[in-house]
*Asks:* 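Starting off with a structure, shown below.
Heavy-atom basis, side chains included; hydrogens, waters and symmetry copies ignored. Throughout, protein chains are lettered first and strands after them, A, B, ... in sequence-line order, and every chain is numbered starting at 1.
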Amino acid sequence: MSDDVSRDFIRKIIYDDLESGKHDEIVTRFPPEPNGYLHIGHVMSICLNFGVAAENDGRTFLRYDDTNPGKEDEVFVRAIESDVHWLGFDWADRLTHASDYFERLYESGEKLVELGLAYVDSLSADEIREHRGTLTECGRNSPFRDRSVGENMDLFRRMRAGEFVDGVHVLRAKIDMASPNMNLRDPALYRIRHISHQHTGDAWCIYPMYDFAHTLSDAFEGITHSLCTLEFEDHRPLYDWFLDNLKPPHRPRQIEFSRLNLAYAITSKRKLGVLIDNKVVSGWDDPRMPTIAGMRRRGYPAAALRNFVKRGGVTKKDKLIEMGVLENSVREILGEVAERRMAVLRPLKVVLTNYPEGRVEMMQAMNHPNRPELGKREVPFSREIWIERDDFMEDAPRKFFRLKPGGEVRLRSAYIIRCDEVVKNDAGEIVELRCSYDADTRSGTGTSDRKIKGTIHWVSGDQALPATVRLYDRLFTVPDPNTVDDIMDVLNPDSLATVEAKLEPSLASLEPGEAVQFERLGYFCQDAHDNSKDSLVFNRIVTLRDSWARIEKQAMRGQT
RNA sequence: UGGGGCGUAGCCAAGUGGUAAGGCAACGGGUUUUGAUCCCGUGAUUCGCAGGUUCGAGUCCUGCCGCCCCAGCCA
């Protein structure tokens with residue numbers, strides 16, 4: 001790790017701990033609960049935890065926080081593993097579960113009972129809530145708080161043995177019902193749940209709570225720095241309480257950082273689920289979803305996600321990062337890597353009246369203008385071609401330098417053409433352009449070096465490949481849908497548009513997962529689920545930067 | 001109104017007593033057979049606000065304001 005880069009506050013702490021000899025090795029963990037798919041917020045946590053360890057030759061555990069069998073599912077487990085791997089991180093043999101430690105956790109529960117620091121409470125959930133007090137009023141002690149160590153031990157063991165039905169008892173830490181920190185008002189440690197667990201089956205009918213299980217799992221694994229988000233800051237005194245009283249051999253330190261929020265997106269598993277349930281999206285991996293699976297299917301490169309996170313930084317300040325930062329990270333990688341191709345999304349027919357019928361020329365097109373080593377490909381050219389409807393304007397403003405009546409434009413990697421005639425149907429809609437080409441201007445070999453301001457893309461009519469192209473946009477109309485009462489009220493109706501496009505023939509042999517740039521339009525890839533040889537389906541990953549769109553927008557604003 | 005955090009440019013973010021880095025966005029210009037890429041240039045007399053300490057404060061002190069989190073047998 002380079003020293004000239006200023007370190008974030010967590011890396012500073014870690015560096016100091018290494019420097020001072022407090023730790024010889026850094027050990028971190030990424031602890032997802034297998035109850036949903038990983039999203040952009042998790043990407044930050046994954047990059048931080050795995051990144052900070054890797055930078056210091058440390059180790060990172062992928063540990064499932066599977067303490068609530070009612071909410072967790074095996075299907076999420078597999079998705080989580082493939083997502084983390086795809087992002088570029090590896091846990092080697094350090095794949096663990098909080099449930100791996102259920103026996104040791106139980107022993108720690110008994111130890112707390114022995115120490116007189118935990119008791120079995122027999123109040124109902126409602127009664128416990130009533131006793132807890134409020135933010136401004138102290139709680140009251142449970143009438144069962146002073147049970148003897150012996151009675152507590154007996155009850156706790158019988159809880160484990162399955163003698164009680166759900167909810168009749170709970171093991172609680174005995175801390176302070178008057179604490180201004182709600183987490184210290186005798187938090188629950190164990191609850192009874194006669195449910196089988198996706199990993200331990202029916203071995204248990206009592207399950208540990210998050211604070212207890214998480215703290216001790218960290219300690220058992222020798223985690224040195226337990227990095228979590230800000231909402232757990234209030235839990236740190238409890239985290240330290242467990243450590244102080246149970247005195248495990250390793251003492252991890254919890255450090256909190258702020259979550260990464262992405263503008264116009266949602267990062268709540270519950271709300272993401274609402275989108276799926278209401279059929280707003282097709283599933284967890286819908287390309288509009290801010291899930292890792294969705295972004296991957298959309299075509300975002302893993303490296304772009306990693307760079308994006310790096311740009312955000314690690315702090316304790318609430319942040320809402322603009323979508324543009326993510327998109328730019330994607331463009332940055334794809335601009336370098338993606339080969340160029342031509343495709344017409346909204347086709348307008350052009351007939352070159354002076355081009356021989358039946359003739360087909362193969363034009364040479366660069367695969368990447370800035371990387372000649374990526375070579376060239378052949379693109380067929382003929383009398384009838386498709387161009388983008390947006391590239392023609394009948395009444396064009398002065399600054400529009402694409403095609404207009406009587407005007408000239410260069411066809412990328414081919415000839416310069418002039419628009420001679422606009423053909424319309426009875427409804428007055430433009431259905432065809434009749435143009436003439438300048439035979440001297442063939443790309444590369446042309447004898448003419450006439451300068452033409454505009455260059456547009458095209459696809460040869462006869463050889464064009466039909467394809468369905470999905471154009472994605474943000475899912476919401478407001479920057480912070482997380483704060484809205486009902487996300488269904490702020491859905492962007494145009495988050496998905498589908499067009500029937502014309503592609504250049506070489507696109508038939510694209511590798512699955514390979515992103516290409518459709519010149520002048522954006523980056524695209526075949527959809528992992530719906531694309532097939534017989535019916536091509538492409539996803540738009542992200543548009544190119546479009547300064548013409550910006551000019552148009554400004555003009556609009558000027559008019560109104 | 002209890003407790004815990006956080007406030008530096010539109011969005012992120014360095015800075016830890018010596019006179020406000022950087023990225024993204026925006027704007028201006030150059031190159032260009034992608035209105036892309038690339039290149040160059042332009043932003044904070046000011047760091048939530050008000051006082052105070054100091055030769056000197058974003059950095060220290062005091063007060064105030066604003067935003068976020070906490071009352072699951074969820075994580």
*Asks:* So, is Arg193(A) near the phosphate of C74(B), with a side-chain N or O under 4.0 Å from OP1 or OP2?
*Replies:* yes

*Asks:* In whole Å, I'd like the distance from the NZ atom of Lys453(A) to the P atom of U32(B).
*Replies:* 9 Å

*Asks:* Quantified in whole Å, what is the P atom distance between nucleotide U16(B) and nucleotide U34(B)?
*Replies:* 46 Å

*Asks:* Across the strands shown, which category fits Lys399(A) at heavy-atom distances under 4.0 angstrom: base, sugar-phosphate, nothing?
*Replies:* base

*Asks:* Checking Phe212(A) now: which residues fulfil ring-ring contact (aromatic ring centres under 6.0 Å, His included) with it, not counting sequence neighbours?
*Replies:* Tyr190(A), Phe242(A)

*Asks:* Is there a side-chain contact between Thr67(A) and the phosphate of A75(B), meaning an N or O under 4.0 Å from OP1 or OP2?
*Replies:* yes

*Asks:* Asn181(A): which residues meet the side chain to side chain donor-acceptor pair (under 3.5 Å) condition with it, sequence neighbours left out?
*Replies:* Asn183(A)

*Asks:* Searching all strands shown, indicate the nucleotide that pairs with U42(B) (Watson-Crick or G-U wobble; both distances under 3.5 Å).
*Replies:* A26(B)

*Asks:* I'd like to know if Arg340(A) reaches the base of U34(B) with its side chain, counting only an N/O donor and acceptor under 3.5 Å.
*Replies:* yes

*Asks:* Quick check on Asn370(A): does its CG atom have over 12 non-hydrogen neighbours (other residues, nucleotides or ligands) under 6.0 Å away?
*Replies:* yes

*Asks:* Would you call Glu361(A)-Arg442(A) a salt bridge at under 4.0 Å N-O?
*Replies:* yes

*Asks:* Take atom CZ of Phe524(A) and atom P of U34(B), then tell me their distance rounded to the nearest Å.
*Replies:* 18 Å

*Asks:* I need the CG-P distance between Asp391(A) and U34(B), as an integer number of Å.
*Replies:* 13 Å

*Asks:* Taking the side chain of Arg410(A) as heavy atoms from C-beta outward, which of C74(B), A71(B), U33(B) is closest to it?
*Replies:* U33(B)

*Asks:* For the P atoms, the ones on U1(B) and on A13(B), what distance do you get once it is rounded to whole angstrom?
*Replies:* 27 Å

*Asks:* Identify each donor-acceptor pair in which a side-chain atom of residues 316-327 of chain A lies under 3.5 Å from a protein atom, sequence neighbours left out, and give them as a table.
*Replies:*
unit_1    : atom_1 : unit_2    : atom_2 : d
Lys316(A) : NZ     : Glu233(A) : OE2    : 2.4
Lys319(A) : NZ     : Gly312(A) : O      : 3.4
Lys319(A) : NZ     : Gly313(A) : O      : 3.0

*Asks:* Kindly assign one of parallel, tilted or perpendicular to the pair Trp284(A) and Phe76(A), based on the angle between their ring planes and the thresholds 30° and 60°.
*Replies:* perpendicular

*Asks:* Let's test your reading of the model: under 3.5 Å, does the base of U37(B) pair with the side chain of Glu336(A) as donor and acceptor?
*Replies:* no

*Asks:* Can you see if the side chain of Ser413(A) gets near the phosphate of U33(B) - specifically, an N or O under 4.0 Å from OP1 or OP2?
*Replies:* no

*Asks:* In this structure, how many angstroms lie between the P atom of A75(B) and the CZ atom of Arg63(A), rounded?
*Replies:* 13 Å

*Asks:* Ignoring backbone atoms, establish whether Arg191(A) has a side-chain N or O less than 4.0 Å from OP1 or OP2 of C74(B).
*Replies:* yes

*Asks:* Return yes if a side-chain donor-acceptor contact under 3.5 Å exists between Thr291(A) and His39(A), otherwise no.
*Replies:* no

*Asks:* Just say parallel, tilted or perpendicular for the rings of Tyr64(A) and His97(A), cut-offs at 30° and 60°.
*Replies:* tilted

*Asks:* Does any residue of residues 158-176 of chain A have a heavy atom under 4.0 Å from RNA chain B, and if so, which ones, in number order?
*Replies:* Gly167(A)

*Asks:* Paired with U33(B): which nucleotide, if any, by Watson-Crick or G-U wobble criteria at under 3.5 Å for both distances?
*Replies:* none

*Asks:* Any Lys/Arg nitrogen of Asp121(A) or Arg145(A) sitting under 4.0 Å from an Asp/Glu carboxylate oxygen of the other?
*Replies:* no

*Asks:* For RNA chain B, which residues in residues 226-236 of chain A have a heavy atom at a distance below 4.0 Å?
*Replies:* Glu231(A), Phe232(A), Glu233(A), Asp234(A), His235(A)

*Asks:* What are the atom names and distances for every N/O pair under 3.5 Å that joins the protein to nucleotides 65-68 of chain B?
*Replies:*
unit_1 : atom_1 : unit_2    : atom_2 : d
C68(B) : O4'    : Asp318(A) : OD2    : 3.3

*Asks:* How about Glu519(A) and Gln517(A): does a side-chain donor come under 3.5 Å of a side-chain acceptor?
*Replies:* no

*Asks:* Please state how far atom CZ in Phe401(A) lies from atom P in U34(B), giving the value in whole angstrom units.
*Replies:* 10 Å

*Asks:* Within the structure, does a side-chain N or O atom of Lys317(A) lie under 4.0 Å from either OP1 or OP2 of G5(B)?
*Replies:* no

*Asks:* For a quick check under 3.5 Å, do Asp440(A) and Tyr415(A) share a side-chain donor-acceptor pair by atom type?
*Replies:* no

*Asks:* Is the base of G41(B) syn or anti, if syn means a glycosidic angle within 90° of 0?
*Replies:* anti

*Asks:* I need the CG-P distance between Asn328(A) and G10(B), as an integer number of Å.
*Replies:* 20 Å

*Asks:* Between protein and nucleotides 26-31 of chain B, map the contacts as a letter string: B base, S sugar-phosphate only, - none, heavy atoms under 4.0 Å, written 5' to 3'.
*Replies:* SS----

*Asks:* Under a 4.0 Å heavy-atom cut-off, which of residues 120-143 of chain A touch RNA chain B?
*Replies:* Leu123(A), Ser124(A), Ala125(A), Ile128(A), Arg129(A), Arg132(A), Gly133(A), Thr134(A), Leu135(A), Thr136(A)

*Asks:* Can you confirm whether Lys271(A) is buried at NZ, in the sense that more than 12 heavy atoms of other residues, nucleotides or ligands lie under 6.0 Å from that atom?
*Replies:* yes

*Asks:* Please report the distance separating the P of U45(B) from the corresponding atom of G2(B), rounded so that it comes out in whole Å.
*Replies:* 36 Å

*Asks:* Under the ring-ring contact (aromatic ring centres under 6.0 Å, His included) test, which residues partner Phe232(A), sequence neighbours left out?
*Replies:* Tyr210(A), His235(A)

*Asks:* Return the nucleotide paired to A14(B): Watson-Crick means purine N1 to pyrimidine N3 with N6-O4 or O6-N4, wobble means G-U with N1-O2 and O6-N3, both under 3.5 Å.
*Replies:* none

*Asks:* With a cut-off of less than 4.0 Å, is there a side-chain N or O of Lys319(A) near OP1 or OP2 of A13(B)?
*Replies:* yes

*Asks:* Flag as yes if Trp548(A) stacks onto the base of G35(B) (centroids under 5.5 Å, planes under 30°), otherwise no.
*Replies:* yes

*Asks:* Please pick, from A14(B), C74(B), A36(B), the nucleotide with the shortest atom-to-atom distance to any side-chain atom of Thr315(A).
*Replies:* A14(B)

*Asks:* With sequence neighbours excluded, what pairs up with Arg418(A) under the salt bridge (Lys or Arg N to Asp or Glu O under 4.0 Å) test?
*Replies:* Glu408(A)

*Asks:* Holding to side chain to side chain donor-acceptor pair (under 3.5 Å), I want the full list of residues that pass it with Ser460(A), two or more places apart in sequence or in another chain.
*Replies:* Ser382(A), Gln463(A)

*Asks:* If each of Phe9(A) and Gly324(A) is mapped to the nucleotide of RNA chain B with the nearest heavy atom, which maps nearer the 5' terminus, i.e. the 5' end?
*Replies:* Phe9(A)

*Asks:* Taking a pair as Watson-Crick or G-U wobble with both distances under 3.5 Å, which nucleotide is matched to U54(B)?
*Replies:* none

*Asks:* Taking all non-hydrogen atoms of both residues, which atom of Arg398(A) and which atom of Lys404(A) are closest, and how far apart?
*Replies:* O-NZ, 4.3 Å

*Asks:* Is Thr441(A) reaching over with its side chain to a backbone N or O of Ile416(A), donor-acceptor style, under 3.5 angstrom?
*Replies:* yes

*Asks:* Quick one: list whatever passes side chain to side chain donor-acceptor pair (under 3.5 Å) with Ser196(A), sequence neighbours left out.
*Replies:* none

*Asks:* Distance check needed: G4(B) C1' versus Asp240(A) CG, whole Å only.
*Replies:* 14 Å

*Asks:* With a non-hydrogen cut-off below 4.0 angstrom, is Pro31(A) in contact with a base, only sugar-phosphate, or nothing?
*Replies:* nothing

*Asks:* G7(B) pairs with which nucleotide, Watson-Crick or G-U wobble, both distances below 3.5 Å?
*Replies:* C65(B)

*Asks:* Whole angstroms only, please: what is the CD-C1' distance between Glu339(A) and U37(B)?
*Replies:* 16 Å

*Asks:* Would you mind telling me which residue lines up with the more 5' stretch of RNA chain B, Ile551(A) or Ile321(A), judged by nearest nucleotide?
*Replies:* Ile321(A)

*Asks:* Parallel, tilted or perpendicular: which fits the ring planes of His214(A) and Tyr239(A), with parallel below 30° and perpendicular above 60°?
*Replies:* tilted

